There are 2 protein chains.
Amino acid sequence: MELTKSHSDGTVCPVACTASIIGGKWTLLIIRDLASGLKRFHQLERSLSGISPKTLSERLRSLEEEGIISRKMYAEVPPRVEYSLTEKGQDLVAVIECMRSYGKRWLCK
Amino acid sequence: MELTKSHSDGTVCPVACTASIIGGKWTLLIIRDLASGLKRFHQLERSLSGISPKTLSERLRSLEEEGIISRKMYAEVPPRVEYSLTEKGQDLVAVIECMRSYGKRWLCK
DNA sequence: CCGTATCCCGGGAGATACTG
DNA sequence: CAGTATCTCCCGGGATACGG
């Protein structure tokens with residue numbers, strides 16, 4: 001979402017840090033979908049209905065650079081590319097489940 | 001962040017729901033700061049260094065309308081207004097603590 | 001199938017000045 | 001102190017077309 005800012009004491013807030021990682025509009029939903037197993041580009045495009053290929057591509061690239069997902073490409077025709085969560089990405093699933101739990105209560109009430 | 005979208009089966013994803021609530025740039029940090037107790041407008045302005053009064057005002061108003069924070073105004077001069085988390089807001093603290101835990105691991109690594 | 005390349009747009013947020 | 005009132009800016013993201 002934005003560069004993490006330091007507090008006045010020079011330390012960085014871990015909450016803001018996490019927010020800056022998953023703050024993008026689609027980022028969290030991508031991780032949510034990868035939490036249930038590896039997916040191909042087109043699968044994600046469908047499950048995240050409404051996302052444009054450009055945006056999906058950008059988000060995937062960022063997440064890969066941050067070490068949250070990994071990209072496996074196969075030299076086949078037609079091409080096949082598979083995305084999955086790294087360990088760092090798996091750790092985020094706890095956050096997502098926490099949010100899911102909150103969202104459920106919100107929707108049920 | 002954005003209106004929650006329905007899945008193809010008509011249900012709403014709780015993860016997306018929560019994301020839409022706390023997705024704004026400053027929203028999460030406001031709740032983080034209120035988690036440690038009630039705060040006045042100017043206190044928040046200082047702890048969220050960099051936020052403009054306009055934005056803070058807007059975010060506070062939204063959060064109040066969503067029932068996440070409550071606003072108490074005192075008929076004094078100079079005026080005093082106190083913001084605090086409602087029960088619905090307190091529930092979000094779990095999400096924040098989850099994000100804090102992840103952020104810490106990220107920063108320590 | 002898996003993406004880039006363009007072009008375009010809206011709205012969230014910044015800066016600043018001002019009021020009750 | 002606790003906000004509004006303007007104005008402006010920027011860029012994340014949408015739509016679409018195309019390329020390997």
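This is a predicted model, so every value here is computed, not measured. Letters go in sequence order (proteins before strands), and every chain restarts at 1.
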Legend entry - Under-4.0 Å side-chain N/O to phosphate OP1/OP2 contact, B:Y83 with D:dC1: no
Inset, instruction - Evaluate the side-chain proximity of A:Y102 to B:I22: yes if any heavy-atom separation is below 4.5 Å, no if none is. - result: no
Legend entry - Rounded distance (Å) that lies between atom C1' of C:dG3 and atom NZ of A:K39: 19 Å
Legend entry - D:dC1 OP1/OP2 closer than 4.0 Å to side-chain N/O of B:R40: no
Inset, instruction - Would you list the pairs meeting salt bridge (Lys or Arg N to Asp or Glu O under 4.0 Å) in which at least one residue belongs to residues 89-99 of chain A, sequence neighbours left out? - result: A:D91-B:R105, A:E97-A:R100
Inset, instruction - Figure out the CG/C1' separation between B:L44 and D:dG3, and round it to whole Å. - result: 13 Å
Which atom pairs, one a donor and one an acceptor, fall under 3.5 Å between side chains of residues 58-70 of chain A and the rest of the protein, sequence neighbours left out?
{"from": "A:S62", "atom 1": "OG", "to": "A:E58", "atom 2": "O", "distance (Å)": "3.1"}
{"from": "A:S70", "atom 1": "OG", "to": "A:S84", "atom 2": "OG", "distance (Å)": "3.3"}

Inset, instruction - Give the angle between the helix axes at the two ends of the helix from C:dC1-D:dG20 to C:dG20-D:dC1, taking five base pairs at each end and rounding to 10°. - result: 50°
Inset, instruction - Let me know, please, whether B:K54 or B:F41 comes out on the 5' side of the other along DNA chain D by nearest nucleotide. - result: B:F41
Inset, instruction - Answer yes or no: does a side-chain N or O of B:R80 lie under 4.0 Å from OP1 or OP2 of D:dA2? - result: no
Legend entry - Below 4.0 Å: OP1/OP2 of C:dG14 and any side-chain N or O of B:T55: yes
Inset, instruction - Return the residues of residues 59-79 of chain B meeting this criterion: a heavy atom under 4.0 Å from some atom of DNA chain C. Order them by number, or give none. - result: B:R59, B:P79
Legend entry - Residues in side-chain hydrogen bond (donor to acceptor under 3.5 Å, both in side chains) contact with B:Y83, at least two apart in sequence or another chain: B:R71
Legend entry - Residue pairs involving residues 76-89 of chain B (criterion salt bridge (Lys or Arg N to Asp or Glu O under 4.0 Å); sequence neighbours excluded): B:E76-B:R80, B:R80-B:E82
